[in-house]
Protein chains: 2
Amino acid sequence: MSESENATTENTLASNITRTLRDAIVCGDLAPGSKLSEPKLSKEYNISRGPLREAMRRLESMKLVKYVPHGGARVITLDLPQVIEIYHIREALEGKAAALAAKNITDEGIENLKRLLKIAEEHMAATGGAYIQADADIDFHYRVIQASNNQMLIHTLCEELYYLVRMYRYKSSLQPSRSLQAFKEHQHLVLALEQRDEQLAELIMRKHIVRARENIEQQLLNS
Amino acid sequence: MSESENATTENTLASNITRTLRDAIVCGDLAPGSKLSEPKLSKEYNISRGPLREAMRRLESMKLVKYVPHGGARVITLDLPQVIEIYHIREALEGKAAALAAKNITDEGIENLKRLLKIAEEHMAATGGAYIQADADIDFHYRVIQASNNQMLIHTLCEELYYLVRMYRYKSSLQPSRSLQAFKEHQHLVLALEQRDEQLAELIMRKHIVRARENIEQQLLNS
DNA sequence: CACATAAAAATTGTCAACAATTTTTGCGAA
DNA sequence: TTCGCAAAAATTGTTGACAATTTTTATGTG
């Protein structure tokens with residue numbers, strides 16, 4: 001994970017178990033739809049049910065688990081319509097993030113993005129065409145979002161929506177064919193950021209995400 | 001409040017106290033920045049600290065309260081930069097909601113919006129110019145968002161962001177001068193929805209929110 | 001054998017007490 | 001008086017037990 005935890009990272013049982021469960025859900029160790037039994041989990045992680053329940057409430061508002069009153073909690077199951085919904089939200093939010101990034105990104109920030117692209121390019125040349133898996137794509141998006149300088153937007157995308165995105169990507173990462181195109185779209189975006197062109201940056205990012213969505217729709221309809 | 005609670009409304013102490021505290025924060029009974037002491041609150045509402053803490057965690061992820069590890073929770077204080085951040089997010093999200101609404105709204109939905117505008121217009125004629133306070137504006141936005149048919153978007157806006165918006169609006173509602181213009185913008189949007197013009201609907205909604213933001217910026221800089 | 005019903009087991013919801021940490025208070029010395 | 005430090009009070013973090021509800025299981029009847 002290229003992400004750095006917040007500076008004021010809590011160190012309570014509730015916080016720790018939240019992160020642990022979050023990651024277990026995202027990477028699939030806790031399968032979608034599986035029941036999250038409080039006695040079982042508290043025994044497994046050697047904590048009492050109090051902090052565990054607090055953690056579950058937080059995961060609930062991250063939309064990673066779904067609660068049924070008196071029926072317990074289950075890991076969310078993302079079906080195609082829901083994934084599409086998420087991509088519509090990403091389109092709007094990350095488009096805006098790109099626009100704000102064009103306004104606020106530093107020269108150093110742009111250099112970092114360029115460096116990221118260069119590494120990816122070299123990797124593609126070496127391995128013969130495959131843009132470094134989903135992780136590289138996510139890393140790139142993370143940095144653009146960070147450059148927006150809008151704390152609430154950063155939180156909404158990186159601390160809430162992106163766990164859902166990654167949860168989905170774990171089972172269906174980028175197709176090789178889409179990979180190269182995505183890389184070019186990233187290059188295009190960096191150009192727009194460098195020119196500080198807010199509208200263009202927003203447009204490019206939105207198109208980028210629309211194409212990703214269309215790719216997923218097609219990919220899943222053919223299976 | 002014109003909002004209807006979810007069909008599967010939980011009826012646990014934790015859920016009830018969440019709603020109670022949420023509303024108390026939104027309407028200002030619990031002032032921004034004030035400390036939320038667990039012993040005090042649990043005594044005041046006659047519940048134990050367990051459910052209360054679960055509620056606090058949920059309010060935390062709704063961004064209505066801020067936690068400091070071992071230091072307790074305080075009601076969030078919205079300063080101008082944060083409000084501006086929220087309006088940028090609203091611009092992106094509600095713009096998208098308007099676009100989706102243009103695609104998905106029913107004829108009946110459009111009729112309902114028209115009726116809403118008509119009532120507002122009559123009220124303006126009667127009282128001499130003032131668009132029915134912030135509530136009417138929020139009600140209109142609510143309905144457009146609902147018409148988007150994107151459940152996750154609806155939840156993000158109506159169950160998360162809008163409590164923050166309302167919390168702010170309670171102390172600084174619409175200026176009379178802005179009121180009439182806002183009404184016209186609403187009319188304009190309904191026209192676009194009626195034509196099922198997604199791009200235009202998005203554009204109008206975004207401009208509407210940009211103007212609201214600019215109005216707030218000006219209003220607060222002059223005080 | 002199928003089905004309904006009731007008892008039993010398991011799980012969620014809630015509580016009150018204990019531990020750990022932070023803040024406040026009070027005292028003494030420079 | 002003011003500053004620093006230690007004791008005390010208050011608050012948050014955590015736990016295990018109890019109550020309420022749901023699910024499972026067993027049993028008896030048609």
Side-chain angles (χ1 to χ4, degrees), chain A residues 5-25 29-77, chain B residues 5-25 29-77:
Chain A
E5 296 290 353
N6 205 323
T8 56
T9 301
E10 291 184 38
N11 199 24
T12 61
L13 290 185
S15 299
N16 293 337
I17 197 66
T18 302
R19 282 189 289 270
T20 302
L21 290 177
R22 180 195 69 190
D23 295 341
I25 291 172
D29 285 352
L30 287 169
S34 63
K35 182 127 199 291
L36 296 173
S37 154
E38 292 178 11
K40 208 189 276 180
L41 286 175
S42 65
K43 218 178 288 175
E44 186 167 345
Y45 292 100
N46 264 74
I47 57 169
S48 70
R49 283 176 52 227
L52 179 64
R53 283 174 65 88
E54 286 182 37
M56 301 276 262
R57 291 306 185 186
R58 293 212 258 196
L59 294 170
E60 182 191 18
S61 30
M62 292 167 84
K63 300 181 188 71
L64 289 174
V65 320
K66 208 171 145 81
Y67 253 85
V68 179
H70 293 276
R74 308 191 92 92
V75 178
I76 201 175
T77 56
Chain B
E5 295 291 353
N6 205 322
T8 56
T9 300
E10 291 185 37
N11 200 21
T12 61
L13 289 185
S15 298
N16 293 337
I17 196 68
T18 301
R19 282 190 288 272
T20 302
L21 289 178
R22 180 196 69 190
D23 295 341
I25 291 171
D29 286 351
L30 288 169
S34 63
K35 181 125 200 288
L36 296 173
S37 153
E38 292 179 10
K40 209 190 278 182
L41 286 174
S42 65
K43 216 178 290 175
E44 186 166 345
Y45 292 101
N46 265 72
I47 57 169
S48 71
R49 283 175 53 225
L52 179 64
R53 283 173 66 87
E54 287 182 38
M56 301 277 262
R57 292 306 185 187
R58 293 211 259 195
L59 294 171
E60 182 191 17
S61 30
M62 290 168 86
K63 300 181 188 71
L64 289 174
V65 320
K66 207 169 149 75
Y67 252 86
V68 179
H70 293 278
R74 309 191 91 91
V75 177
I76 201 176
T77 56

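Note that the structure is predicted; figures quoted are calculated from it, not measured. Throughout, protein chains are lettered first and strands after them, A, B, ... in sequence-line order, and every chain is numbered starting at 1.
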Among D/dT11, C/dG13, D/dT14, the one nearest any side-chain atom of A/P51 is D/dT14

Residue-phosphate contact under 4.0 Å: B/R53 side-chain N/O, D/dG13 OP1/OP2: yes

Between A/K66 and A/R74, is a side-chain contact (heavy atoms from CB on, under 4.5 Å) present by the stated rule, with each step listed? CA-CA 5 Å; A/K66 208 171 145 81; A/R74 308 191 92 92; 5.5 Å; no

From CD1 of A/I17 over to C1' of D/dG13, roughly how many Å is that when rounded to an integer? 15 Å

Just to be sure I understand the rule, does B/G50 reach a base, reach only the sugar-phosphate, or reach nothing, if contact means heavy atoms closer than 4.0 Å? nothing

Spacing of B/Y67 atom OH relative to D/dT11 atom P, expressed in whole Å: 14 Å

Mind calculating the distance between NZ (B/K40) and P (D/dT12) to the nearest angstrom? 10 Å

Spacing of B/L13 atom CG relative to D/dC18 atom P, expressed in whole Å: 20 Å

What is the distance, to the nearest angstrom, from the CD atom on A/E38 to the C1' atom on D/dA17? 15 Å

B/R57 and A/S61 side chains, donor-acceptor separation under 3.5 Å: no

Counting just side-chain N and O atoms, does B/K35 come under 4.0 Å of either OP1 or OP2 of C/dT22? no

Rounded distance (Å) that lies between atom P of C/dG13 and atom CG of A/L52: 12 Å

Kindly point out which of D/dT15, C/dA17, C/dT12 is positioned nearest to the side chain of A/S48? D/dT15

Write down the distance between CD1 (B/I47) and P (C/dC15), rounded to a whole number of angstrom. 7 Å

Select one nucleotide: of C/dT14, C/dT11, D/dT12, the one nearest the side-chain heavy atoms of A/R49. C/dT14

First locate atom NZ of A/K40, then atom OH of A/Y45, and finally report the distance between them rounded to the nearest 0.5 Å. 12.0 Å

Between A/T18 and A/S15, is a side-chain hydrogen bond (donor to acceptor under 3.5 Å, both in side chains) present by the stated rule, with each step listed? CA-CA 5 Å; A/T18 302; A/S15 299; 5.7 Å; no

Looking at D/dT14, D/dT11, C/dT11, which one has an atom nearest to any side-chain atom of A/S37? C/dT11

I need the CG-P distance between B/N46 and C/dT14, as an integer number of Å. 14 Å

Out of the candidates B/L21, B/D23, B/L64, B/V65, only one should pair with B/L30 under the side chain to side chain contact (heavy atoms under 4.5 Å, CB included) rule; please name it. B/L21

